[in-house]
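The structure appears below as structure tokens.
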Amino acid sequence: MFMMHSLFFFFCFRRIICGLTQFTNKNHIAFAALEAVCFQTREILDAMNQDCGIPLSQLQVDGGMTNNKILMQLQADILCIPVVKPSMPETTALGAAMAAGAAEGVGVWSLNPGDLTAVTCERFEPQINPEESEFRYARWKKAVQKSMGWESSEASTNGNGLDK
């Protein structure tokens with residue numbers, strides 16, 4: 001049985017890892033880094049939902065990180081919505097190439113919907129209940145809050161590069 005390890009990783013202007021114990025291993029640290037990506041994505045989506053008042057029913061993703069199935073499942077769990085990943089992970093580059101190819105005078109690509117093939121997708125459904133997701137997110141936000149303000153912006157004055 002997998003035991004939940006309370007390890008948090010934050011990406012900000014600086015990075016911090018907290019919750020380390022003598023039992024922490026590289027798998028815990030890698031998972032915490034993936035979890036931090038998902039929590040930060042949730043922060044952005046929460047702000048967007050608050051601004052527009054229309055919550056997402058699913059998140060469509062692309063890019064290199066979408067090749068990590070653990071990350072995609074974790075994102076679905078943390079957002080409590082499905083995450084949909086196209087079979088072609090670099091859809092942004094594909095779209096730019098299609099637009100260039102469809103430009104007047106080039107004509108190597110048609111953007112007519114009837115000429116385009118359907119894109120196959122992989123769908124990741126949330127596997128944990130919303131209460132568990134909310135608990136984990138709240139705990140991460142609390143850890144982030146507690147980590148703020150620990151370093152001053154003033155230059156070190158003790159000569160060894162460390163703050164007093």
Side-chain angles (χ1 to χ4, degrees), residues 1-19 26-104 106 108-148:
M1 179 177 169
F2 177 73
M3 182 163 219
M4 185 59 150
H5 197 279
S6 297
L7 181 66
F8 300 103
F9 193 90
F10 313 117
F11 295 106
C12 295
F13 296 105
R14 304 208 182 262
R15 285 150 233 30
I16 186 169
I17 301 175
C18 61
K26 63 184 177 183
N27 297 328
H28 294 117
I29 294 171
F31 187 83
L34 293 177
E35 201 172 42
V37 169
C38 295
F39 287 138
Q40 289 179 47
T41 299
R42 176 163 173 188
E43 278 189 316
I44 293 167
L45 294 179
D46 283 353
M48 290 170 56
N49 289 342
Q50 187 175 5
D51 286 349
C52 73
I54 304 169
L56 289 177
S57 59
Q58 67 180 20
L59 179 67
Q60 295 183 334
V61 297
D62 79 336
M65 290 181 75
T66 64
N67 289 322
N68 186 323
K69 290 181 185 243
I70 294 170
L71 176 64
M72 296 297 95
Q73 183 59 58
L74 188 57
Q75 189 68 81
D77 290 344
I78 289 170
L79 295 177
C80 298
I81 60 172
V83 171
V84 180
K85 169 186 114 62
S87 57
M88 199 304 202
E90 297 298 341
T91 55
T92 304
L94 176 61
M98 290 173 68
E104 192 169 329
V106 178
V108 295
W109 213 308
S110 169
L111 297 182
N112 181 343
D115 297 335
L116 300 174
T117 59
V119 176
T120 59
C121 294
E122 188 171 1
R123 188 175 175 94
F124 297 85
E125 296 286 341
Q127 300 293 316
I128 64 173
N129 64 48
E131 293 80 21
E132 172 68 18
S133 176
E134 195 58 41
F135 172 76
R136 289 165 59 181
Y137 181 54
R139 208 169 65 169
W140 178 79
K141 284 178 33 175
K142 181 179 179 182
V144 169
Q145 275 305 120
K146 288 184 175 234
S147 73
M148 292 184 175

Interatomic spacing from [atom1] in [X] to [atom2] in [Y] - rounded to 0.5 Å:
X      : Y      : atom1 : atom2 : result
Glu134 : Asn129 : CD    : CG    : 11.0 Å
Asn67  : Glu90  : CG    : CD    : 8.0 Å
Gln75  : Glu35  : CD    : CD    : 10.5 Å
Met98  : Ser110 : CE    : OG    : 8.5 Å

Are there over 12 heavy-atom neighbours, none belonging to Leu94, within less than 6.0 Å of that residue's CG?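 For Leu94, atom CG is crowded (more than 12 foreign heavy atoms under 6.0 Å).
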Has Met65 got more than 12 heavy atoms of other residues, nucleotides or ligands less than 6.0 Å from its CE?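 Counting other residues, nucleotides and ligands, CE of Met65 stays at 12 neighbours or fewer.
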For residues [X] and [Y], report the shortest heavy-atom separation together with the two atoms involved.
X      : Y     : answer
Val61  : Pro86 : O-CD, 2.9 Å
Asn68  : Ile70 : OD1-N, 3.0 Å
Phe124 : Ala76 : O-CB, 3.4 Å

For a 4.5 angstrom cut-off between non-hydrogen side-chain atoms, does [X] reach [Y]?
X      : Y      : result
Arg139 : Phe39  : no
Thr91  : Gln60  : no
Leu74  : Arg136 : yes

Report all side-chain donor-acceptor pairs from residues 77-85 shorter than 3.5 Å, counting only partners two or more places apart or in another chain.
from, atom 1, to, atom 2, distance (Å)
Asp77, OD1, Gln73, NE2, 3.0
Asp77, OD1, Gln127, N, 2.6

Would you check if the side chain of Ser87 reaches a backbone N or O of Thr120 as a donor-acceptor pair within less than 3.5 Å?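 Checked: pair present.
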Spell out, as yes or no, whether a donor-acceptor pair under 3.5 Å connects the side chain of Asp62 to the backbone of Thr92.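 It does hold such a pair.
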Would you mind listing every salt bridge (charged side-chain N to carboxylate O under 4.0 Å, His left out) that reaches into residues 44-59, with sequence neighbours excluded?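 Those involving residues 44-59 are Arg42-Asp46.
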Determine whether Arg123 and Gln58 satisfy the following criterion, side-chain contact (heavy atoms from CB on, under 4.5 Å), listing intermediate values before the conclusion. CA-CA 10 Å; Arg123 188 175 175 94; Gln58 67 180 20; 2.9 Å; yes
